[in-house]
K.L.:
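This is the structure I want to talk about, given as C-alpha cells.
Here is the naming used below: chain letters follow the sequence lines, and residue numbers restart at 1 for every chain.
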2 protein chains.
Amino acid sequence: MTKSDEPTAATTRAWVGLMRAQRSVLSAIEKDFKAAGLPPFGWYDVLWELVKAEDGRLRPFEIEARTLLAQYNLSRLIDRLEKEGLVRREAFEEDARGCWVVVTEAGRAMRARMWETYGPSITRHVGRRLSEAEASALAALLSRLG
Amino acid sequence: MTKSDEPTAATTRAWVGLMRAQRSVLSAIEKDFKAAGLPPFGWYDVLWELVKAEDGRLRPFEIEARTLLAQYNLSRLIDRLEKEGLVRREAFEEDARGCWVVVTEAGRAMRARMWETYGPSITRHVGRRLSEAEASALAALLSRLG
DNA sequence: ATAATGTAGATGCAATTGCATATATATCGG
DNA sequence: CCGATATATATGCAATTGCATCTACATTAT
C-alpha cells in the first residue's frame, strides 16, 4: 500500500467512531423497541417513507433507493409487512413488471405507534448527548458521507 | 408523547445521517472486500483486537466488549475463524469456564492482508470526503455517542 | 417483427443472526 | 461445606440475510 492510500489517524477515528456509534445507538433503540413490544426497528423506515409519499404509495425500487435496503431484502420485508396487513401490493398499470406498495390504515397507525417509542428513544440516545449545535454539525458532517 | 421527548430536527437529522452514512460507507467497503476476494469484513475487528492485545490473546468477553458483538455471535465467529486456522482456542487455567482466543501467524498475516484493502477503502470512502479538521470533528462528535 | 439486452421484482438455498436456553464452572451467604 | 445465585461460553432452532438466479415484461437495435 502506498503512503497516500493509508488513511490518516483522524479518518480512521472517524470511521471507527461511525461504526461504534451506530451500533451502540442502534442497539439501544432496538432494545427500546423490544421493551415496548414493537415489531422490528427496520419496519419503521419503510412505513415512514410510504406515509410521507403521495397517496401513501411507492414502487419497491423507490423504497429501495430511499432506505438503502438491498432489493431482495426489501422484497421479503414487504412480504412480512403485507402479511401483517400494514401494506398491500397493488398492480402498476403502466408497467406490468412493477407494483405499488401502499400503506394501509393499520400501517399508518403502526408507524405512529412506533414513533411514540422511537422519538423519545432518539432523544434519549442521541439528543441528550449532544447540544443543538453539535447535533447540527454532526448531521452536516455525516451528510457528506451519504 | 410529551413535547420534551420529541427529538429536535437537528437530533433527528443526526440520527438518520448516522444510519445512512454507516450503511453507505460500510456497504462500499464490503464491496471492496469482496472484490479483493477477502473474507467477511467483520473478521477484521476480531483479528485486529487480538493482534493489538498482549501475546495476541484475549478472553471472548474482552473481545465482546471491544467489538460490541453479541456474545452468541462472537462465539460462532470464533468458530469460523478457528476453522480457517486464523485463531485457536486455548484453555484458561485460572477459570475452567473460560478460554483464551489466540491469533495464529496465519491470522496475523490475514489481518495484514485485509488492511491492504481496508486502509485504502477507508481513505476512499471516508478520508477523501472530509478535510482533516472535519474528520477530527466528526470523530469527536461520534465518540460522544459511543 | 424479432432477437438481444435491460429492468422490476421474486425466490431457492446456504450462511448468519437473534433468541432462548443449556452447560460448566465459580462465588457467596449461611 | 451446601444450596442459591452468578458468570463464561456454547448451542438448538427459527428468522433474516446474502448470493445467485429466475421470471416476466420492456426497450433497443437490426
Side-chain angles (χ1 to χ4, degrees), chain A residues 19 22-23 26-46 49-50 57-84 87-102, chain B residues 19 22-23 26-46 49-50 57-84 87-102:
Chain A
M19 289 291 286
Q22 191 267 355
R23 276 185 215 185
L26 176 59
S27 96
I29 289 178
E30 280 176 333
K31 200 174 297 183
D32 292 341
F33 268 60
K34 269 191 60 172
L38 291 174
F41 169 75
W43 293 21
Y44 185 86
D45 277 345
V46 172
E49 293 301 336
L50 289 169
R57 68 180 55 214
L58 287 171
R59 305 283 306 277
F61 73 88
E62 295 173 311
I63 302 175
E64 199 186 318
R66 285 164 169 75
T67 61
L68 307 186
L69 286 167
Q71 182 271 320
Y72 46 83
N73 282 337
L74 175 58
S75 176
R76 289 192 264 225
L77 177 47
I78 295 169
D79 290 346
R80 284 171 234 141
L81 293 171
E82 193 168 35
K83 188 148 52 183
E84 295 299 319
V87 306
R88 64 173 180 279
R89 278 184 248 241
E90 282 184 13
F92 177 66
E93 302 300 348
E94 291 87 79
D95 183 340
R97 291 171 303 183
C99 63
W100 285 112
V101 182
V102 189
Chain B
M19 289 292 285
Q22 191 268 353
R23 276 183 215 185
L26 176 59
S27 94
I29 290 177
E30 280 175 334
K31 199 173 299 182
D32 292 341
F33 268 60
K34 269 190 63 172
L38 292 173
F41 169 76
W43 291 21
Y44 186 88
D45 278 346
V46 171
E49 292 302 336
L50 290 169
R57 66 180 56 212
L58 288 171
R59 305 284 305 277
F61 73 89
E62 295 173 311
I63 303 175
E64 198 185 319
R66 286 163 168 75
T67 61
L68 307 184
L69 286 168
Q71 182 271 320
Y72 46 83
N73 281 338
L74 176 59
S75 177
R76 288 192 265 226
L77 177 46
I78 295 169
D79 290 346
R80 283 170 236 142
L81 292 171
E82 193 169 34
K83 189 148 49 183
E84 295 298 319
V87 307
R88 64 173 180 278
R89 278 183 248 240
E90 282 185 12
F92 177 65
E93 302 300 350
E94 292 87 79
D95 183 341
R97 291 170 303 182
C99 63
W100 285 111
V101 182
V102 189

K.L.:
What's the closest nucleotide to the B/R89 side chain, out of D/dA26, D/dA10, D/dA6?
P.N.:
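Shortest atom-to-atom distance from the side chain points to D/dA10.
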K.L.:
Once you apply a heavy-atom cut-off of 4.0 Å, does B/D79 come out as touching a base, just sugar-phosphate, or nothing?
P.N.:
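No contact.
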K.L.:
Can you measure from CD1 (B/I63) to CD (B/E49) and round to the nearest 0.5 angstrom?
P.N.:
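That separation rounds to 8.0 Å.
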K.L.:
Using only side-chain N and O atoms of B/R97, determine if any of them is under 4.0 Å from OP1 or OP2 of D/dA10.
P.N.:
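Checking B/R97 against D/dA10: no side-chain N or O falls below 4.0 Å of OP1 or OP2.
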K.L.:
Across the strands shown, which category fits B/R59 at heavy-atom distances under 4.0 angstrom: base, sugar-phosphate, nothing?
P.N.:
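If one applies the 4.0 Å heavy-atom cut-off, B/R59 turns out to touch the sugar-phosphate alone, with no base involved.
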K.L.:
To the nearest 0.5 angstrom, please state how far the CG atom of B/L68 sits from the CG atom of B/N73.
P.N.:
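Reported to 0.5 Å precision, the distance equals 12.5 Å.
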K.L.:
For a 4.0 angstrom threshold against heavy atoms of chain A, report the outermost contacting nucleotides of DNA chain C in 5' to 3' order.
P.N.:
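Contacts span C/dG6 to C/dC19, reading 5' to 3'.
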K.L.:
Using only atom types and a distance under 3.5 Å, with no angle test, would you say the side chain of B/R23 pairs donor to acceptor with the backbone of A/T67?
P.N.:
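Yes.
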K.L.:
When the distance from CD of A/E93 to P of D/dA26 is rounded to whole Å, what number comes out?
P.N.:
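Going from CD in A/E93 over to P in D/dA26 covers 11 Å.
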K.L.:
Distance check: side-chain N/O of B/Y72 vs OP1/OP2 of D/dT11, anything under 4.0 Å?
P.N.:
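Indeed not, no polar side-chain atom of B/Y72 lies that close.
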K.L.:
With rounding to the nearest 0.5 Å, note down the distance linking CG in A/L26 to CD in B/Q22.
P.N.:
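Atom-to-atom, A/L26:CG and B/Q22:CD are 8.5 Å apart.
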K.L.:
Atom CD of A/E93 and atom CH2 of A/W100: how far apart are they, to the nearest 0.5 Å?
P.N.:
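Going from CD on A/E93 over to CH2 on A/W100, the span is 11.0 Å.
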K.L.:
Using modelled atom types and a 3.5 Å cut-off, is there a donor and acceptor pairing between side-chain atoms of B/Q71 and backbone atoms of B/E64?
P.N.:
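Here the side-chain-to-backbone pair does not exist.
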